[in-house]
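The chains referred to below are lettered A, B, ... by the order of the sequence lines, with proteins before strands, and numbering in each begins at 1.
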Amino acid sequence: DGGITQSPKYLFRKEGQNVTLSCEQNLNHDAMYWYRQDPGQGLRLIYYSQIVNDFQKGDIAEGYSVSREKKESFPLTVTSAQKNPTAFYLCASSIDGSSYNSPLHFGNGTRLTVT
Amino acid sequence: DAKTTQPNSMESNEEEPVHLPCNHSTISGTDYIHWYRQLPSQGPEYVIHGLTSNVNNRMASLAIAEDRKSSTLILHRATLRDAAVYYCILRLRIVTNAGKSTFGDGTTLTVKP
């Protein structure tokens with residue numbers, strides 16, 4: 001079945017370390033997104049990519065970096081510059097980024113805890 | 001950016017219809033209205049979307065006001081599995097044509113047996 005795979009489900013890191021979250025999709029979607037969710041709150045957009053080798057900052061990009069070298073993959077690096085990195089991170093994709101008619105498909109998230 | 005406003009929580013009885021409201025008074029003409037729902041510790045799941053006309057699918061119905069400033073998600077017969085946080089979002093068209101979307105805090109639906 002096609003879908004989005006995020007790994008790992010739980011991730012623990014020490015403060016000051018960079019960490020990379022994986023997101024892979026086999027839906028053949030052009031657009032991919034990273035969201036952050038804090039307890040009891042909605043989703044906030046970190047970065048999005050409409051096409052390979054292109055990505056744009058979302059609302060809360062500071063302290064994060066991404067790459068989009070392959071259509072299927074959109075890894076997110078949480079750097080030591082991110083002041084409050086502990087959160088639930090969600091990756092999503094859509095058929096293409098310019099079609100706001102297309103639904104978002106989400107992975108099941110990675111819960112990152114930094115101590 | 002256009003924002004949506006939803007009640008924090010709603011309750012329903014099992015097997016009764018549920019109407020979940022959403023206000024989006026600053027919606028622009030090209031914004032699509034999308035609904036998603038999220039179970040604890042899972043990613044959101046797509047429910048339904050529309051532009052101007054009412055929409056139906058196997059999961060729910062979407063009623064859109066004539067002026068498009070509000071919409072209502074209708075679950076025709078709530079089940080315990082429908083208990084979730086429901087998000088109403090606008091799929092925005094921005095200058096770079098990316099489908100940027102803004103999520104609010106959603107409505108937590110509780111279904112009572």
Task: Separation of B:H34 NE2 from A:S94 OG (nearest 0.5 Å) - done: 9.0 Å
Task: Part of B:E45 within contact of chain A (heavy atom distance under 4.5 Å) - done: neither
Open item on the list: Tell me whether A:V114 shares a hydrophobic cluster with A:I60, the cluster being built from Ile, Leu, Val, Met, Phe, Trp, Tyr side chains joined at under 4.5 Å.
Closed with: yes
TODO: State whether the number of non-hydrogen atoms from other residues, nucleotides or ligands found under 6.0 Å of A:K9 atom NZ is greater than 12.
DONE: yes
TODO: Please check if the side chain of B:D105 supplies one atom and the backbone of A:G42 the other of a donor-acceptor pair under 3.5 Å.
DONE: yes
Open item on the list: Could you check whether any side-chain heavy atom of B:F103 comes within less than 4.5 Å of a side-chain heavy atom of A:L104, counting everything from C-beta outward?
Closed with: yes
Open item on the list: Hydrophobic clusters here meaning ILVMFWY residues chained together by side-chain heavy-atom distances under 4.5 Å, can you tell me if A:Y35 and B:Y46 are in one?
Closed with: yes
TODO: State, yes or no, whether a side-chain contact exists between B:Q42 and A:L90 at a heavy-atom distance under 4.5 Å.
DONE: no
Task: Crowding at CG, B:D67 (>12 non-hydrogen neighbours, <6.0 Å) - done: yes
Open item on the list: Is B:S41 in contact with chain A via its backbone, its side chain, both, or neither, using a 4.5 Å heavy-atom distance?
Closed with: both
Task: A:I51 with A:Y48, same ILVMFWY side-chain cluster at under 4.5 Å - done: no
- [ ] Could you look at A:R111 and say if it's the side chain, the backbone, both or neither that has a heavy atom under 4.5 Å from chain B?
- [x] side chain
Open item on the list: Could you check whether any side-chain heavy atom of B:R91 comes within less than 4.5 Å of a side-chain heavy atom of A:P103, counting everything from C-beta outward?
Closed with: no
Open item on the list: So for A:Q6, is it side chain, backbone, both, or neither that comes closer than 4.5 Å to the heavy atoms of chain B?
Closed with: neither
Task: Flag side-chain contact, heavy atom, 4.5 Å: B:Y36 against A:F106 - done: yes
- [ ] Give the minimum heavy-atom separation between A:Q41 and B:Y87, together with the two atoms involved.
- [x] O-OH, 3.6 Å
- [ ] Would you kindly confirm whether B:I74 and B:Y86 end up in one hydrophobic cluster when ILVMFWY residues are joined by side chain heavy atoms under 4.5 Å apart?
- [x] no
Task: Shared hydrophobic cluster, A:L27 / A:V52 (ILVMFWY, side-chain heavy atoms < 4.5 Å) - done: no
TODO: For A:L43 and B:P44, work out which heavy atoms get closest and say how close.
DONE: CD2-CG, 4.0 Å
